[in-house]
Amino acid sequence: MIEITLPDGSSRTFQKGVTAHEIALSISEGLARKVLSAKVDDDIYDLNMPIHKNAHVKLLTWEDAEGKATFWHSSAHIMAEAIEILYPGTKFGIGPDIENGFYYDIDLGENVISSDDFPAIENKIMDLVRQGQNFERSEISKKEALKYYNEKQDPYKIELINELEDGTISLYKTGGFVDLCRGPHLMDTTPIKAFKLLNVAGAYWRGDENRKQLTRIYGISFPKKKDLDAYLVFLEEAKKRDHRKIGKELQLFTFSSTVGSGLPLWLPKGTELRLNLENFLKQAQKASGYVQVMTPHIGLKELFTVSGHYEKYGQDSFRPISTPAEGEEFLLKPMNCPHHCEIFKSQQHSYKDLPVRYAEFGTVYRYEQSGELHGLTRVRGFTQDDAHIFCRPDQLKDEFKGVIDIIFHIFKALEFENFEAQISLRDTENKEKYIGTDENWERSEKAIIEACQEKGLKATVVKGEAAFYGPKLDFMVKDAIGRKWQLGTIQVDYNLPERFELEYVGSDNQKHRPVMIHRAPFGSMERFVAVLIEHCAGKFPLWLTPEQVAILPISEKFVDYSKKVLSLLQNSDIRAYIDDRNEKTGRKIRDTELKRVPYMLIVGLKEEETETVSVRKQGAGDAGQMPINKFIETLKTEINTLIKFNK
RNA sequence: GCCACUGUAGCUCAGUUGGCCAGAGCAGCUGAUUUGUAAUCAGCGGGUCGGGGGUUCGAAUCCCUCCAGUGGCUCCA
């Protein structure tokens with residue numbers, strides 16, 4: 001007999017070799033129907049896998065991430081089975097579950113699959129699913145496994161098997177399809193009720209550009225049809241939030257194939273938005289002791305040889321620009337720090353002057369492969385809200401805290417609640433990969449961790465993710481469709497001060513090397529605006545939005561009064577305009593709503609006579625009539641509370 | 001860059017067994033209307049069907065090529 005402890009702490013005794021399915025049945029039949037796989041101590045088991053030891057067992061359902069993983073992983077097998085039937089001779093790579101669904105990488109030989117073929121494959125899949133096929137596990141020797149796949153002539157599986165230890169190899173069989181797989185899997189296909197193939201893409205075998213490109217098919221499946229419907233609705237909603245779509249609708253930015261791909265053109269309203277963001281940050285930076293600098297868009301190749309960027313990234317960058325007479329070579333700057341290092345170097349610095357904080361909205365250019373470009377999130381020319389802090393090692397922690405304050409300020413004013421922070425430390429097993437002394441690394445890593453703790457920032461700590469030149473703290477947010485984007489970053493750098501031989505004079509009258517911090521709370525203006533658009537679906541906060549108030553005269557008789565209202569608003573720095581088109585009020589309201597202008601002021605005879613405006617709040621409808629001054633005061637209060645930076 | 005897909009008016013889209021001067025809605029322009037909380041009415045203008053080449057009596061439609069975009073892969077200082 002063995003003792004099984006359940007998550008609620010209770011324990012029961014079972015025959016040795018009991019399965020998780022039997023355990024579930026002993027609790028209730030309903031549970032047994034819902035359970036997908038089981039966590040036995042630290043391993044995930046198939047439901048019909050015998051348990052031979054005393055263990056903690058958690059029965060996993062669709063509600064558990066691991067349960068979903070089992071469900072999707074099994075779905076991937078069924079998809080593969082269907083493909084093998086429809087496209088005989090297909091070779092199979094890997095087919096894992098992912099965050100939302102699963103994929104399978106396959107080599108179709110001469111065949112091609114496009115999304116047009118999805119319905120046929122989906123039908124075949126549902127055929128197989130309805131047969132209630134079992135997942136049958138078998139454990140075989142490496143030799144047998146190799147023999148099987150040699151006969152099947154599947155080079156990918158052979159490669160995978162060769163990397164496995166003998167004695168740990170298992171196969172899973174559903175219908176006529178046998179797959180090399182560690183498991184776990186569902187007992188059978190009955191829980192799968194809805195299946196959808198999502199897209200098809202090329203994917204290099206094992207992520208290696210030099211190896212063969214396989215066809216990757218993404219899919220998702222659900223235990224209920226209505227879950228699939230809800231997911232498809234979610235995808236539709238996400239599409240509506242796409243920053244490329246909203247950016248076009250709200251006339252924020254555009255691209256021109258004549259200018260070049262990946263080179264965004266900011267339209268007047270987008271520029272207004274961006275400048276508002278920049279000024280918002282500048283204000284916080286000024287209050288935090290930053291000074292603005294400006295540098296040109298190019299620099300001698302030599303500058304980037306000194307910084308080391310040319311050696312590391314030169315081959316994958318825009319080619320140098322050369323002068324006609326002298327043949328000097330310049331590079332478009334891929335980052336601002338080398339220029340800032342030269343600014344630091346142009347003057348003597350005393351320890352008393354540190355930290356020095358140079359800030360610049362610096363536009364940089366990086367070559368991205370054409371297939372990588374994506375709206376404003378991946379471009380070839382973009383502006384970083386960059387700053388470089390040159391400080392003494394003992395000042396690192398305070399500087400980190402200062403930057404965290406600014407980032408919190410931004411996230412708060414823009415209502416980003418779901419962000420993640422990650423501290424990246426070096427891999428202490430491979431210290432030779434990093435530049436800088438042990439002492440410095442330990443000191444700066446400690447400074448980051450303590451700064452986060454003292455600021456109440458919950459950050460995950462990942463070893464081995466640091467850059468070679470220093471540890472860092474990154475901020476990530478998710479866009480509308482759940483894709484993660486890195487926005488803000490704070491990075492310690494021991495490398496550039498060394499390469500540029502930066503110095504300050506210490507209290508001991510000796511020369512010392514400062515530490516450098518790169519930091520960009522937005523990351524890049526382009527990417528940040530993109531994520532912001534998707535985050536708020538184009539309904540920007542009042543303080544930020546390009547057009548805050550639309551004045552809607554009832555008829556052209558009230559345009560003069562509208563102009564008076566407009567100038568009062570403008571005198572109070574409120575961004576407003578008059579919609580004096582020859583249209584009915586309903587029409588003006590509709591168009592203004594679609595433009596996502598936060599406030600509408602409807603003015604007609606009764607407003608003109610009483611020096612008032614009728615306020616309508618975007619999305620909320622009529623908010624009543626009030627004196628102009630009262631409206632202005634309310635608005636100003638609403639704006640100022642959000643953008644004020646308090647340390 | 002690679003794989004798959006897409007490209008018709010400013011925008012969203014219809015138009016393929018190849019066949020009369022290529023269509024709609026919105027937007028734009030002109031006029032009428034003087035309007036009260038999510039689309040007033042009428043008229044008009046607008047397209048080398050992404051570019052180039054080819055097949056054909058005939059190409060938006062078929063083929064080749066280039067460009068741009070979409071979804072991924074790889075990378076991201």
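Computed from a predicted model, the values in this text were never measured in an experiment. To find a chain, count down the sequence lines: A is the first, B the second, and so on, and within it residues start at 1.
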* Structure fact -> Atom CD1 of A:Ile98 and atom C1' of B:G72 are separated, to the nearest Å, by 10 Å
* To do: Starting at atom CG of A:Asn199, determine the distance to atom P of B:C73, rounded to an integer number of angstrom.
  => 9 Å
* Could you check whether A:Tyr469 gets within reach of a base, just the sugar-phosphate, or nothing at all, counting any heavy atom under 4.0 Å? => sugar-phosphate
* **Closest to side chain of A:Lys606, choosing from B:C73, B:G36, B:U37** => B:G36
* What integer distance in Å separates A:Lys239:NZ from B:U70:P? -> 13 Å
* Asked: Taking only side-chain nitrogens and oxygens of A:His374, does any of them come within less than 4.0 Å of OP1 or OP2 of B:G72?
  -> no
* What is the distance, rounded to the nearest whole Å, between atom NZ of A:Lys248 and atom C1' of B:G7? -> 11 Å
* Rounding to a whole Å, what distance do you find between A:Ile551:CD1 and B:U37:C1'? -> 16 Å
* Using purine N1 to pyrimidine N3 plus N6-O4 or O6-N4 for Watson-Crick, or N1-O2 and O6-N3 for G-U wobble, both under 3.5 Å, which nucleotide pairs with B:G25? -> B:C11
* To do: Answer yes or no: does a side-chain N or O of A:Arg244 lie under 4.0 Å from OP1 or OP2 of B:U70?
  => yes
* Base-pairing assignment for B:U56 (Watson-Crick or G-U wobble, both under 3.5 Å) -> none
* Of all residues at least two apart in sequence or in a different chain, which pass the ring pair (Phe, Tyr, Trp, His ring centres under 6.0 Å) check with A:Phe304? -> none
* To do: Please state the P separation for the pair B:C64 and B:U48 - nearest whole angstrom.
  => 26 Å
* Under 4.0 Å: is that the gap between some side-chain N or O of A:Thr215 and OP1 or OP2 of B:C3? -> no
* **Assigned partner base of B:A39, Watson-Crick or wobble definition, under 3.5 Å** => none
* Please work out which residues in residues 486-496 of chain A have a non-hydrogen atom less than 4.0 Å from an atom of RNA chain B and list them by number. => none
* Asked: When we call it a touch if two heavy atoms are under 4.0 Å apart, what does A:Ser257 touch: a base, just sugar-phosphate, or nothing?
  -> sugar-phosphate
* Measure from the side-chain heavy atoms of A:Gln213 and tell me the nearest of B:G72, B:A4, B:C76. => B:G72
* To do: Rounded to the nearest angstrom, tell me the gap between atom CZ in A:Arg206 and atom C1' in B:C2.
  => 19 Å
* Asked: Would you say A:Arg357's side chain and A:Cys391's backbone share a donor-acceptor pair under 3.5 angstrom?
  -> no
* Before giving the answer on salt bridge (charged side-chain N to carboxylate O under 4.0 Å, His left out), spell out for A:Glu163 and A:Arg206 the whole-Å C-alpha distance, their side-chain angles and the decisive distance to 0.1 Å. => CA-CA 13 Å; A:Glu163 290 168 21; A:Arg206 317 208 91 178; 2.7 Å; yes
* Asked: Would A:Asp560 and A:Lys564 pass as an ion pair if we require N to O under 4.0 Å?
  -> no
Polar atoms only, N or O, under 3.5 Å: list the protein pairs with nucleotides 39-41 of chain B and their distances.
unit_1	atom_1	unit_2	atom_2	d
B:A39	N9	A:Arg590	NE	3.4
B:A39	N7	A:Arg590	NE	3.1
B:A39	N7	A:Arg590	NH1	3.1
B:A39	N7	A:Arg590	NH2	3.3
B:A39	N6	A:Arg590	NH2	2.5
B:A39	N1	A:Arg590	NH2	3.3
B:U40	OP1	A:Arg587	NH1	3.3

* Asked: Rounding to a whole Å, what distance do you find between A:Glu249:CD and B:U12:C1'?
  -> 10 Å
* **Nearest-Å distance for atom pair CG/P, residues A:Asp105 and B:A4** => 15 Å
* Asked: Any Lys/Arg nitrogen of A:Lys240 or A:Asp242 sitting under 4.0 Å from an Asp/Glu carboxylate oxygen of the other?
  -> no
* To do: Report the nucleotide, chosen from B:G69, B:G36, B:G1, that has the shortest atom-to-atom distance to any side-chain atom of A:Glu209.
  => B:G1
* Identity of whatever pairs with B:C75 - Watson-Crick or G-U, under 3.5 angstrom -> none
